[in-house]
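Proteins get letters first, then strands, A, B, ... in listed order; numbering begins at 1 in each.
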Protein chains: 2
Amino acid sequence: MGNDMVSKGPAAKGRVTIREVAERAGVSVATASRALSGNHPVPAATRARVLRAARDLDYVANAHARALVGGGRKMAAVVVRQVTSPFYAQVAEGVEAEAADRGWLCVVGATGGDPQREMDFVRLMREEGARLVILVGGVVEDDAYRSRVTHYAQALDASGARLVLCGRPTPDPDVPALVVEFDNEAGARAITGHLLSAGHRRIVFLGGLPGNTALDARVAGYRAALAEHGVPLAGARVVDCGLGRANGLRAMGELLKDTREFTAVVAGDDMVAAGALRAIADAGLRVPEDVSVVGYNDIPLAEDFNPPLTTVRTPAEELGRAAVRIALRDPEHAAGSHHLLGTHIVVRRSVAAPPRSD
Amino acid sequence: MGNDMVSKGPAAKGRVTIREVAERAGVSVATASRALSGNHPVPAATRARVLRAARDLDYVANAHARALVGGGRKMAAVVVRQVTSPFYAQVAEGVEAEAADRGWLCVVGATGGDPQREMDFVRLMREEGARLVILVGGVVEDDAYRSRVTHYAQALDASGARLVLCGRPTPDPDVPALVVEFDNEAGARAITGHLLSAGHRRIVFLGGLPGNTALDARVAGYRAALAEHGVPLAGARVVDCGLGRANGLRAMGELLKDTREFTAVVAGDDMVAAGALRAIADAGLRVPEDVSVVGYNDIPLAEDFNPPLTTVRTPAEELGRAAVRIALRDPEHAAGSHHLLGTHIVVRRSVAAPPRSD
DNA sequence: CCGAGTCGTGAAACCGTTTTAACTTCCCCT
DNA sequence: AGGGGAAGTTAAAACGGTTTCACGACTCGG
């Protein structure tokens with residue numbers, strides 16, 4: 001007597017298993033599994049009993065066990081530098097949304113720009129069996145980067161997963177990775193052209209980051225626009241201060257200490273522009289009357305800057321959505337394919353004609 | 001002859017298993033497992049052979065198989081309304097950072113404010129075996145909400161996982177969930193007090209959301225501050241337009257069409273403030289000379305608004321970190337415990353004395 | 001020289017689910 | 001009456017690891 005405690009009741013701690021559901025419904029685990037997953041026809045009466053038992057026990061399937069035998073949960077991972085950057089957040093939201101629409105789970109990882117953490121995270125995703133890994137954001141393209149990405153791509157491909165690079169280059173055309181990105185050069189050319197059309201001739205590019213492919217392309221676009229408008233090459237001035245508000249603030253501050261030899265600035269992105277705007281205001285100058293400023297990305301709060309920022313709209317959420325859409329489209333078409341998304345400039349109030357004294 | 005193809009080589013497609021590693025190293029899977037996980041002592045020579053084989057084959061363990069027998073990967077989930085909201089992004093970043101520091105994996109889910117998606121996501125996390133689920137953001141507290149959260153809490157607790165509510169109420173003290181939040185009332189009282197000290201007496205609260213506990217607390221703090229400064233209760237005016245830039249823009253615009261009977265506005269959060277600032281500017285008025293405006297949360301770009309916004313700093317990233325830290329601290333201490341994080345106001349340039357004509 | 005302990009290793013059980021293959025019934029058709 | 005399906009159900013074999021248990025080889029002390 002008293003040994004009835006030994007009987008297999010629901011464990012005191014731990015999850016409800018399908019065995020307990022089957023027991024309660026008076027069927028075998030096989031039947032219970034079929035009734036629950038709807039995979040195989042099961043008579044209505046039986047199915048109802050099983051479903052009822054599952055509901056009563058608040059049963060949820062063990063995703064790990066399921067993944068082990070089935071193909072595994074459809075899971076996508078998006079890796080960004082940091083979640084709080086508005087641009088990355090938008091891309092991540094796009095990925096999340098598109099994934100959710102298809103019933104996929106979305107995991108986001110932040111690297112803080114550290115290659116080691118990126119590698120760790122990709123490894124983690126391989127362990128977890130992610131079927132889609134999306135790496136977002138420009139990087140400096142050195143040998144270490146190339147071999148790293150080649151390794152990711154081959155490892156993921158070997159286990160049937162896809163790798164998408166958003167805004168970063170493919171090391172080699174035969175590396176099994178997709179690339180989706182904006183036409184950085186065209187965007188920068190357009191926005192620089194906008195300044196040139198307003199009459200500016202002495203324009204500085206603030207926020208270069210030599211080796212970073214995204215920024216290099218924007219610098220190239222900036223240079224191309226100057227050339228198109230007949231500005232001598234010597235007129236180009238690129239300040240390689242990197243991205244981020246703090247860098248923009250500092251670099252612009254230093255620039256303003258010199259004799260001012262520019263009437264407009266093209267910022268590497270909107271955060272740099274935010275810093276630049278603040279530095280200009282701190283120097284007692286006005287935008288756009290004294291200096292015109294343009295940004296890049298059109299982050300959600302760019303219209304709330306002082307003044308509202310003229311910038312290049314890069315549909316970041318669409319970038320994220322496109323990444324998963326393209327990756328999931330056709331299996332064959334994938335390797336080495338390269339997609340360019342268009343951008344356009346949005347005109348607000350940070351650009352005017354250069355001061356008359358010029 | 002020719003049937004050597006049948007031998008168990010590495011599968012053409014699919015992942016490398018521990019069996020292949022063991023084979024290549026000339027040991028059993030048990031030994032391979034031990035060498036790899038370092039769980040059980042293994043002579044250096046054998047370990048080296050196994051590690052070498054694993055490296056050669058680029059082996060990564062199958063997390064699902066491992067989770068099935070072991071406790072499962074340490075995984076935390078954070079659920080927010082949307083990733084692109086700067087406040088939520090910061091909280092998510094805090095959770096991600098603290099989780100990563102401890103070697104945990106972090107999954108973020110976005111609900112778009114839809115209770116159904118919230119429920120689906122929590123269920124998903126139960127299936128995945130998440131050990132920590134963090135729900136962020138105020139909600140309207142109705143019966144549906146209460147029973148929903150009670151269910152989450154009990155289900156997660158039954159399988160040994162923890163539930164943390166960030167800035168939303170616990171339905172009942174004996175529900176096994178932790179609460180971590182800011183002292184919304186104190187923050188609102190302080191920032192309203194700041195306006196009162198500057199001489200304002202007719203102050204409107206923009207962005208109420210009746211039923212939402214976070215907003216209700218801020219409204220209460222606003223009212224308390226007015227009372228403390230001897231402003232008659234009738235002087236309080238709360239516009240229930242909800243949160244978000246668009247709502248702030250619209251509501252403020254409508255407010256300005258009436259005869260203007262206020263000199264300052266307390267916005268429900270910084271995004272509402274952004275909309276309000278724009279509406280005020282569009283009406284041809286100046287901040288702070290004509291109207292003073294304060295926000296709530298101190299999002300990263302609040303200092304770039306026009307003018308830089310005086311607001312309440314809520315250390316959002318710290319909120320996220322605290323949530324995981326507290327949840328992981330001591331198992332017993334958990335249930336029903338309630339933590340309040342302090343806030344302080346940061347003074348910028350959106351507040352001045354009321355216009356003299358007042 | 002022998003028994004006890006230690007060390008290194010492997011076979012097998014186990015985790016919770018899906019799926020295959022087999023086994024009953026039961027019914028219909030010749 | 002008997003055979004061929006079809007329908008409903010189940011036992012058992014995967015899936016890929018970890019862990020327990022047992023076993024053999026070696027070392028060491030008496």
Side-chain angles (χ1 to χ4, degrees), chain A residues 8 10-11 13-50 53-54 57-74 123-124 126-129 158-160, chain B residues 8 10-11 13-50 53-54 57-74 123-124 126-129 158-160:
Chain A
K8 283 203 176 178
K13 205 72 177 184
R15 22 200 325 166
V16 177
T17 70
I18 199 176
R19 182 190 313 279
E20 300 166 39
V21 173
E23 223 162 81
R24 178 179 248 257
V27 297
S28 73
V29 291
T31 304
S33 170
R34 288 201 260 257
L36 288 167
S37 67
N39 212 339
H40 189 80
V42 160
T46 312
R47 148 185 268 108
R49 278 217 316 287
V50 173
L57 264 42
D58 194 21
Y59 164 81
V60 292
N62 182 328
H64 298 298
R66 179 175 285 171
L68 200 49
V69 50
R73 167 156 342 261
K74 295 169 190 336
R123 186 192 173 89
L124 198 63
R126 286 218 281 151
E127 293 186 2
E128 279 319 311
S159 57
Chain B
K8 284 203 174 176
K13 204 74 176 183
R15 21 199 328 164
V16 176
T17 71
I18 200 175
R19 181 189 314 279
E20 300 167 39
V21 174
E23 224 162 81
R24 177 180 250 256
V27 296
S28 71
V29 291
T31 303
S33 170
R34 288 197 265 253
L36 288 168
S37 66
N39 212 339
H40 190 80
V42 160
T46 313
R47 146 184 272 111
R49 277 215 319 285
V50 173
L57 264 44
D58 196 19
Y59 164 80
V60 292
N62 182 327
H64 298 299
R66 179 176 283 171
L68 202 48
V69 50
R73 163 150 352 254
K74 295 168 188 346
R123 185 192 174 89
L124 198 63
R126 286 216 283 150
E127 293 185 1
E128 291 298 331
S159 55

ask   = Base, sugar-phosphate alone, or nothing: which one does B:Val27 contact when heavy atoms must sit under 4.0 Å apart?
value = sugar-phosphate

query = Do A:His64 and B:Arg66 have side-chain heavy atoms sitting under 4.5 Å apart?
reply = no

message = Can you work out whether B:Val69 or B:Val42 has the more 5'-proximal nearest nucleotide on DNA chain C?
response = B:Val42

query = In whole Å, what is the span from the CZ atom of B:Arg73 to the C1' atom of D:dG16?
reply = 15 Å

request  = Mind checking A:Thr31 for me? I need base, sugar-phosphate or nothing, with any heavy atom below 4.0 Å counting as a touch.
outcome  = base

ask   = So how far off straight is the helix from C:dC1-D:dG30 to C:dT30-D:dA1, going by the axes through five pairs at either end, to 10°?
value = 60°

request  = Starting at CG of B:Leu36, measure out to CZ of B:Arg47 and round the result to the nearest 0.5 Å.
outcome  = 9.0 Å

query = A:Glu20 CD to C:dC15 C1': how many Å, rounded?
reply = 14 Å

query = Has the side chain of B:Arg49 got a donor or acceptor atom that lies under 3.5 Å from a matching backbone atom of B:Ala25?
reply = yes

request  = Would you mind telling me which residue lines up with the more 5' stretch of DNA chain C, A:Arg66 or B:Ala30, judged by nearest nucleotide?
outcome  = B:Ala30

request  = Figure out the NE2/C1' separation between B:His40 and C:dG8, and round it to whole Å.
outcome  = 8 Å

query = What nucleic acid atoms does A:Ser33 come within less than 4.0 Å of, heavy atoms only: base, sugar-phosphate, or nothing?
reply = base

query = Can you find a side chain N or O atom of B:Asn62 that sits less than 4.0 Å from OP1 or OP2 on D:dC15?
reply = no

request  = Would you state whether a donor and an acceptor, one from the side chain of B:Arg34 and one from the base of D:dG17, lie under 3.5 Å apart?
outcome  = no

inquiry  = For D:dT18 and B:Asn39 - does any side-chain N or O of the residue sit under 4.0 Å from the phosphate oxygens OP1/OP2?
reply    = no

message = Nearest whole Å is fine: how far is D:dA14 C1' from A:His64 NE2?
response = 19 Å

query = With respect to the side chain of A:Thr46, which nucleotide from D:dT9, D:dT18, C:dT17 is positioned closest?
reply = D:dT9

message = salt bridge (charged side-chain N to carboxylate O under 4.0 Å, His left out) for A:Arg123 and A:Glu127? Distances and angles first, verdict last.
response = CA-CA 6 Å; A:Arg123 186 192 173 89; A:Glu127 293 186 2; 3.7 Å; yes

message = I need the B:Leu57 CG to B:Ile18 CD1 distance, nearest 0.5 Å.
response = 11.5 Å

note = Quick note, B:Ser28 side chain, CB onward, closest among C:dG10, C:dT18, D:dA11 is C:dG10

remark   = In this structure, CG of B:Asp58 is separated from CZ of B:Arg15 (nearest 0.5 Å) by 11.0 Å

Whole-Å gap separating P (C:dC15) and CZ (A:Arg15) = 14 Å

key: Short side-chain N/O contact to D:dG16 OP1/OP2 from B:Tyr59, under 4.0 Å   = no

task = Mind calculating the distance between CG (A:Leu68) and P (C:dC14) to the nearest angstrom?
result = 17 Å

query = When we call it a touch if two heavy atoms are under 4.0 Å apart, what does A:Ala67 touch: a base, just sugar-phosphate, or nothing?
reply = nothing

ask   = Tell me: CG of A:Leu36 to P of D:dT9, nearest whole Å?
value = 14 Å

query = How many Å lie between CD1 on A:Ile18 and P on D:dA11, as a whole number?
reply = 14 Å

ask   = Hey, does the side chain of A:Ser37 reach the backbone of A:Ser33 with a donor-acceptor pair shorter than 3.5 angstrom?
value = yes

query = Under a 4.5 Å cut-off applied to non-hydrogen side-chain atoms, are B:Glu128 and A:Arg73 in contact?
reply = yes

